[in-house]
Amino acid sequence: MNLFADIRAVVIDSLDALVADGTLPGGLSFDNVAVEPPRDPAHGDMATNAAMVLAKPAKMNPRAIADALAGKLTADARIASAEVAGPGFLNMRLTPDVWQGVVKAALTDADYGKSTLGQGKKMMVEYVSANPTGPLHVGHTRGAVFGDALATLLAYAGYDVTKEYYINDGGGQVDVLARSVFLRYQEAHGQEVAFEDGTYPGDYLIPVGQALKDKVGDAYIGKGEDVWLQDIREFSTEKMMDLIRSDLAALNIEMDNFFSEKSLYGTGLIESAIAELKEKGLIYQGTLEPPKGKMPDDWEAREQTLFKSTDFGDDQDRAVQKSDGAWTYFAPDIAYHYDKVNRGFDALINVFGADHGGYVKRMKAAVSALSDNKVPLDIKLTQLVKLYKNGEPFKMSKRAGTFVTLRDVVNQVGASVTRFHMLTRKNDAPLDFDFAKVLEQSKDNPVFYVNYAYARVNSATAKASAFADVSPATLAATDLSGLTSEAELTVAKKLAEWPRLVEIAAKGHEPHKIAFYLYELASDFHALYNKGNDDVSLRFVQEGDVSTTQAKIALIRAVSVVIVAGLGILGVTPAEEM
RNA sequence: GCACCCAUAGCUCAGCUGGAUAGAGCGCUGCCCUCCGAAGGCAGAGGCCGCAGGUUCGAAUCCUGCUGGGUGCACCA
């Protein structure tokens with residue numbers, strides 16, 4: 001049930017009727033007709049811009065359209081009044097039983113808020129995709145939380161979503177990893193080792209070196225890279241992916257699929273992807289212009305195989321082969337996305353860190369070329385996370401050992417708090433993460449504010465259950481006609497916005513909107529709760545009046561249902577009590 | 001030098017894809033617990049929506065140009 005969609009349907013039907021009786025000319029498009037909550041609730045419950053949108057194409061005065069439309073609309077039993085206001089807004093007021101119906105829907109329809117917007121379209125969300133060279137850090141955490149919430153949101157909105165992690169296990173950084181593990185392996189054999197520049201000195205490789213020793217004994221001691229590099233590469237990427245998988249599990253993230261870059265090599269997949277582009281005339285041999293800004297010291301013109309990404313709005317064509325003929329990192333990425341297209345996805349979303357901003361245009365170029373513009377690729381960049389400890393900015397440095405990992409964060413504040421907090425900003429705004437503040441228990445902290453509302457609902461329900469049957473089955477069948485006070489209807493109206501909000505958030509790929517909505521819902525709930533202090537009739541628990549109590553508990557259980565659903569999209573589990 | 005992102009209350013940020021008098025939290029001022037959890041609520045002060053143009057019935061929102069900040073800019077991933 002989506003009340004806004006229902007009322008919009010009434011508006012469209014009424015417009016059709018106006019066309020039929022000649023009031024409006026034929027051939028009008030109603031696509032831009034919207035039914036929305038008015039900015040100011042005093043204007044009414046819902047407003048439509050129909051008259052203003054249609055005034056021009058119909059060559060009519062907007063107020064004349066609005067007047068005619070108003071007459072038709074009030075024929076619907078749900079619409080108590082329809083008034084023309086301002087330049088041609090049509091403000092509608094709905095009858096209380098409509099809002100009571102929303103409460104009922106939230107309690108009886110297990111799918112209240114779910115949408116069919118996606119129509120089962122296949123969608124891939126690729127996120128995290130961190131190099132398999134170490135544990136995830138805070139920056140990865142934000143991308144992980146964002147991607148995961150977005151995937152859940154899209155599934156909730158009716159898309160068939162696949163969550164995927166692309167493992168960059170094909171490039172030179174894995175050699176670096178292997179050499180670093182070899183050092184730890186030697187160390188495990190009691191040798192003195194030195195970590196030079198270009199190796200990973202992190203402690204997390206110590207157990208990997210030990211495990212390698214347990215596996216191969218001293219077989220690689222004193223041997224050259226030609227003997228061990230390949231094997232240690234595989235061994236240590238596997239270990240790193242185990243580590244990363246467990247990091248993700250700590251955040252309650254489970255991928256549907258891990259896709260290995262290495263698996264593309266030697267299978268002809270890269271070659272066929274490039275061949276596909278070549279057929280379209282987008283691959284050529286050429287030399288790139290030197291960079292315009294600061295010139296690298298060792299720059300020299302070299303002929304390479306290039307992809308004509310400038311045809312798709314990129315600033316520069318991009319190399320797919322190095323001057324020595326080896327593939328660049330871009331080539332397997334093209335092949336990977338070619339594979340995504342061939343797997344039949346209707347739309348792709350990639351979640352990258354902000355430092356990959358320069359990569360967006362060429363990736364979009366590749367996908368539009370490979371899919372003949374049929375598969376849209378949306379790339380969401382998550383901005384930096386600024387850490388604070390005790391109110392002071394906290395700089396991360398690998399060398400200084402102040403490197404903050406995902407584990408550090410989750411261990412200190414918990415998965416739920418981490419997830420919610422990281423979704424209280426839109427992805428393209430920088431995020432402050434203060435270890436003290438996110439644990440603060442006040443309304444300054446949205447996580448607790450929302451959870452507090454949930455806990456209050458539970459508390460009131462428990463109190464009511466002492467004398468009234470407030471089981472879900474009973475509440476679902478409860479007569480709600482007593483819910484007529486302005487304060488109660490305000491909460492019900494907020495609940496009515498939920499399905500609409502899900503669609504808006506899903507369309508825009510903006511899971512943070514869920515978090516803000518939950519805050520608003522909690523705020524309306526807390527306001528109602530406190531009104532009970534002054535006005536006894538608004539208290540949820542009416543001692544000795546079973547049916548009134550049941551109706552009021554039904555309302556707040558509906559709030560709780562939506563809170564749980566919303567938090568579920570964000571991947572947050574609320575505490576029952578606080 | 002170029003590209004992308006950002007600019008809204010003293011601070012941190014929303015603003016539902018072009019709608020009505022621009023909202024919330026913190027901070028500040030003042031109220032509300034013999035009362036379902038005050039971990040809360042109510043009210044007040046506080047704005048040239050960075051600047052200048054443009055598009056139209058209508059712009060914080062779309063376009064252009066500036067200003068200021070962030071990020072990235074051959075053959076690393």
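Note on naming: letters A, B, ... go to the chains in the order of the sequence lines (proteins, then strands), and numbering restarts at 1 for each one.
Atom CG of A:L177 and atom C1' of B:A77 are 13 Å apart (whole Å). A straight line from CZ of A:F352 to P of B:C4 spans 18 Å, rounded to a whole angstrom. Between A:N427 atom CG and B:U71 atom C1' the separation is 14 Å, expressed in whole Å. Nucleotide B:C36 holds its P atom 21 Å from the CD atom of A:Q550, rounded to whole Å. Computed from coordinates, the A:F467 CZ to B:C36 C1' distance equals 10 Å when rounded to whole Å. Atom CD of A:Q383 and atom C1' of B:G72 are 11 Å apart (whole Å). Note: CH2 (A:W327) to C1' (B:A77) measures 17 Å, nearest angstrom. Here B:U71 presents its P atom at 16 Å from CG of A:D428, a figure rounded to the nearest Å.
Crowding of A:E196 atom CD: a count of heavy atoms from other residues, nucleotides or ligands under 6.0 Å not exceeding 12. Surrounding CD of A:E577 are at most 12 heavy atoms belonging to other residues, nucleotides or ligands under 6.0 Å away.
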Requested in this report: Let me have a per-nucleotide readout for nucleotides 9-15 of chain B, 5' to 3', with B, S or -, counting only protein heavy atoms under 4.0 Å.
Outcome: ---SSSS

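Between the side chains of A:D169 and A:S260, at least one donor N or O sits under 3.5 Å from an acceptor N or O.
Figure legend. B:G44 is base-paired to B:C28; pairs are counted as Watson-Crick or G-U wobble with both atom distances under 3.5 Å. With both pairing distances under 3.5 Å, B:A7 is matched to B:U67 as a Watson-Crick or G-U wobble pair. Base pairing of B:U17: no nucleotide in any strand meets the Watson-Crick or G-U wobble criterion (both distances under 3.5 Å). Across all strands shown, B:C76 has no partner, as no Watson-Crick or G-U wobble contact with both distances under 3.5 Å is found. With both pairing distances under 3.5 Å, B:A60 is matched to nothing as a Watson-Crick or G-U wobble pair. Pairing for B:U34 is absent, with no Watson-Crick or G-U wobble pair whose two atom distances lie under 3.5 Å.
Nucleic acid contact for A:Q321: none, since no nucleic acid atom lies under 4.0 Å from a heavy atom of the residue. Using a 4.0 Å heavy-atom cutoff across all strands shown, A:G88 reaches no nucleic acid atom at all.
The aromatic rings of A:H356 and A:F352 sit tilted relative to each other, their planes meeting at an angle between 30° and 60°.
Taking only side-chain atoms of A:V541, from C-beta outward, the nucleotide of B:U71, B:C36, B:U17 with the closest atom is B:C36. Closest to the A:H526 side chain, of the nucleotides B:A20, B:A77, B:G41, is B:G41. Closest contact between the side chain of A:S442 and the listed nucleotides B:C36, B:G40, B:A24 involves B:G40. The side chain of A:N530 has B:G41 as its nearest neighbour among B:G41, B:C16, B:A74. Side chain of A:K443, nearest nucleotide from B:C75, B:G41, B:A38: B:G41. For A:L288, the listed nucleotide lying nearest its side chain is B:A74; candidates were B:A38, B:A74, B:U71. When each of B:C16, B:C57, B:C36 is scored by its nearest atom to the side-chain atoms of A:K56, the top-ranked nucleotide is B:C57. Set against B:C75, B:G37, B:A74, the side chain of A:K322 has B:C75 as its closest nucleotide.
The C1' atoms of B:A45 and B:U61 are separated by 28 Å, rounded to the nearest whole Å. A distance of about 36 Å separates the C1' atoms of B:A20 and B:A38, rounded to the whole Å. As rounded to the nearest Å, B:G40 and B:G19 have P atoms that lie 33 Å from one another. With both ends at atom C1', the span from B:U12 to B:A7 equals 14 Å, rounded to whole Å. For B:G68 and B:A74, the C1' atoms lie 30 Å apart once the distance is rounded to whole Å. For the C1' atoms, the distance linking B:C6 with B:C51 amounts to 16 Å, nearest Å. Spacing between B:A60 and B:G41 at atom C1', rounded to whole Å, works out to 30 Å. Between B:A52 and B:A14, the distance separating the two C1' atoms is 27 Å to the nearest Å.
For A:Y388 and A:F433, the ring centers are positioned 6.0 Å apart or more. A:F89 and A:H43 have their aromatic ring centers separated by at least 6.0 angstrom.
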Query raised in the report: side chain to side chain donor-acceptor pair (under 3.5 Å) between A:S537 and A:D535: does it pass, once the steps are laid out?
Result: CA-CA 5 Å; A:S537 75; A:D535 181 349; 2.7 Å; yes

Report task. With side chain to side chain donor-acceptor pair (under 3.5 Å) as the test, would you mind laying out the steps for A:T310 and A:D317 before giving the verdict? Result -> CA-CA 6 Å; A:T310 46; A:D317 289 339; 2.6 Å; yes

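With hydrogens and angles left out, the side chain of A:R500 and the base of B:C16 share a donor-acceptor pair within 3.5 Å. Counting distance only, with no hydrogens placed and no angle test, the side-chain atoms of A:D40 and the base atoms of B:A22 include no donor-acceptor pair under 3.5 Å.
By the stacking rule of 5.5 Å between ring centres and under 30° between planes, A:F89 stacks on the base of B:A20. Stacking between A:H43 and the base of B:A20 is present: ring centres sit under 5.5 Å apart and the planes differ by under 30 degrees.
Minimum heavy-atom separation, A:L306 to A:A319: CD2-CA, 3.6 Å.
Taking a cutoff of 4.0 Å between a charged side-chain nitrogen and a carboxylate oxygen, A:E503 and A:R500 do not qualify as a salt bridge.
In B:U17 the base sits syn relative to the sugar, since the glycosidic angle is no further than 90° from 0.
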